[in-house]
Amino acid sequence: MDMEKVHILDHPLLQHKLSILRDETTGVKEFREVVSEVASLMCYEATRDLPLEEVEIKTPITTARFNSIAGKKLAIVPILRAGLGMVEGILTLIPSVKVGHIGLYRDPQTLQPVEYYCKMPTDIAERDVIILDPMLATGGSASAAIQFIKNYDVKHIKLMNIIAAPEGVERVHKDHPDVEIYCAALDQCLNDHGYIVPGLGDAGDRIFGTK
Ligand code: PRP
Ligand code: URA
């Protein structure tokens with residue numbers, strides 16, 4: 001597997017919180033809170049390459065030039081449903097980011113993604129986009145979402161997943177070699193139902209308490 005475009009974020013805080021998510025005894029309230037915290041910590045790393053510019057600031061002592069984010073236009077696009085759980089955590093760090101939505105669910109028989117909703121910021125073509133989804137399993141949903149956003153003429157796309165499976169990484173690499181993947185863990189494999197092993201189960205169900 002070509003790991004050049006995969007960033008596995010191994011910060012101890014992130015790894016600790018990921019273990020809480022994996023634990024089947026973690027209840028819906030804590031699960032939701034920790035998904036949000038994990039998204040914040042991942043956002044910190046995924047935005048490491050944001051350009052800075054110098055601006056003049058008057059401190060109580062003197063006036064000098066200091067760093068400020070260079071007005072780079074960003075958007076985040078959660079894949080519904082589970083990606084929604086990561087939005088709040090990103091907004092904590094980047095409150096002004098615009099948010100698009102893509103509704104996809106995975107057909108349980110074919111494992112193929114089915115699209116049911118899409119709403120993007122009108123100026124999405126001028127923005128760099130970070131796609132959010134806690135799970136990258138077969139990669140079908142992520143690959144379809146990336147293609148969807150590329151169809152809007154977006155040039156720079158990153159994919160942020162809490163847990164990725166090797167199969168999903170391969171699929172995204174093959175379909176979209178330009179897209180960098182940020183994840184907190186690269187797990188072993190998929191089981192016969194397309195679930196990540198060891199994984200954390202069904203992310204949407206655990207965030208929204210639907211099972
Ligand atoms: C989950 C997950 C991803 C997708 C990953 O969503 O949040 O979107 O599966 O699987 P893939 O890589 O094999 O495509 P799901 O289809 O369960 O929908 P939900 O978020 O509405 O529960
Ligand atoms: N979707 C999930 O929510 N979990 C998995 O393990 C795979 C796909």
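Worth knowing before you read on, the calculation uses all heavy atoms, side chains too, and leaves out hydrogens, waters and symmetry mates. Both counts, for ligands and for their atoms, begin at 1 and track the order of listing.
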When you look at Arg22 and Asp187, which way does the salt bridge (Lys or Arg N to Asp or Glu O under 4.0 Å) test go after all the steps?
CA-CA 12 Å; Arg22 290 188 188 278; Asp187 273 10; 2.7 Å; yes
Contacts satisfying ring pair (Phe, Tyr, Trp, His ring centres under 6.0 Å) that involve residues 9-41 (not counting sequence neighbours) are none
Shortest non-hydrogen separation from Glu167 to Leu190 and the atoms involved
OE2-N, 3.3 Å
Is there a path of hydrophobic side-chain contacts, each under 4.5 Å between heavy atoms of I, L, V, M, F, W or Y residues, that connects Leu80 with Ile76?
yes
With respect to Ile102, which candidate in Leu132, Ile146, Ile149 satisfies the side chain to side chain contact (heavy atoms under 4.5 Å, CB included) definition?
Ile149
Give a table of atom pairs where an N or O of ligand 1 lies under 3.5 Å from a protein N or O.
unit_1: ligand 1; atom_1: 7 (O); unit_2: Asp133; atom_2: OD1; d: 2.8
unit_1: ligand 1; atom_1: 8 (O); unit_2: Asp133; atom_2: OD2; d: 2.5
unit_1: ligand 1; atom_1: 10 (O); unit_2: Arg106; atom_2: NH1; d: 3.4
unit_1: ligand 1; atom_1: 12 (O); unit_2: Ala137; atom_2: N; d: 2.9
unit_1: ligand 1; atom_1: 12 (O); unit_2: Thr138; atom_2: N; d: 3.1
unit_1: ligand 1; atom_1: 12 (O); unit_2: Gly139; atom_2: N; d: 2.8
unit_1: ligand 1; atom_1: 13 (O); unit_2: Arg106; atom_2: NH1; d: 2.7
unit_1: ligand 1; atom_1: 13 (O); unit_2: Thr138; atom_2: N; d: 2.9
unit_1: ligand 1; atom_1: 13 (O); unit_2: Thr138; atom_2: OG1; d: 2.5
unit_1: ligand 1; atom_1: 14 (O); unit_2: Ser141; atom_2: N; d: 2.9
unit_1: ligand 1; atom_1: 14 (O); unit_2: Ser141; atom_2: OG; d: 2.6
unit_1: ligand 1; atom_1: 16 (O); unit_2: Arg106; atom_2: N; d: 2.8
unit_1: ligand 1; atom_1: 20 (O); unit_2: Arg81; atom_2: N; d: 3.1
unit_1: ligand 1; atom_1: 20 (O); unit_2: Ala82; atom_2: N; d: 3.1
unit_1: ligand 1; atom_1: 21 (O); unit_2: Arg81; atom_2: N; d: 3.3
unit_1: ligand 1; atom_1: 21 (O); unit_2: Arg81; atom_2: NE; d: 3.1
unit_1: ligand 1; atom_1: 22 (O); unit_2: Arg81; atom_2: NE; d: 3.3
unit_1: ligand 1; atom_1: 22 (O); unit_2: Arg81; atom_2: NH2; d: 2.9

Side chain to side chain donor-acceptor pair (under 3.5 Å) filter on Asn191, not counting sequence neighbours, yields none
Determine, step by step, whether Ile163 and Leu18 satisfy the side-chain contact (heavy atoms from CB on, under 4.5 Å) criterion, reporting the C-alpha distance in whole Å, the side-chain angles of both residues, the deciding distance to 0.1 Å, and the verdict.
CA-CA 9 Å; Ile163 301 180; Leu18 177 55; 3.8 Å; yes
Val28 and Gly209: which non-hydrogen atoms are nearest, and at how many Å?
CG2-N, 3.8 Å
Could you go through ligand 2 and list every pair where one of its N or O atoms sits under 3.5 Å from a protein N or O, giving the atom names and the distance to one decimal?
unit_1: ligand 2; atom_1: 3 (O); unit_2: Ala203; atom_2: N; d: 2.8
unit_1: ligand 2; atom_1: 4 (N); unit_2: Gly201; atom_2: O; d: 2.8
unit_1: ligand 2; atom_1: 6 (O); unit_2: Ile196; atom_2: N; d: 2.8

Parallel, tilted or perpendicular for Tyr116 and Tyr105, by the 30°/60° rule?
tilted
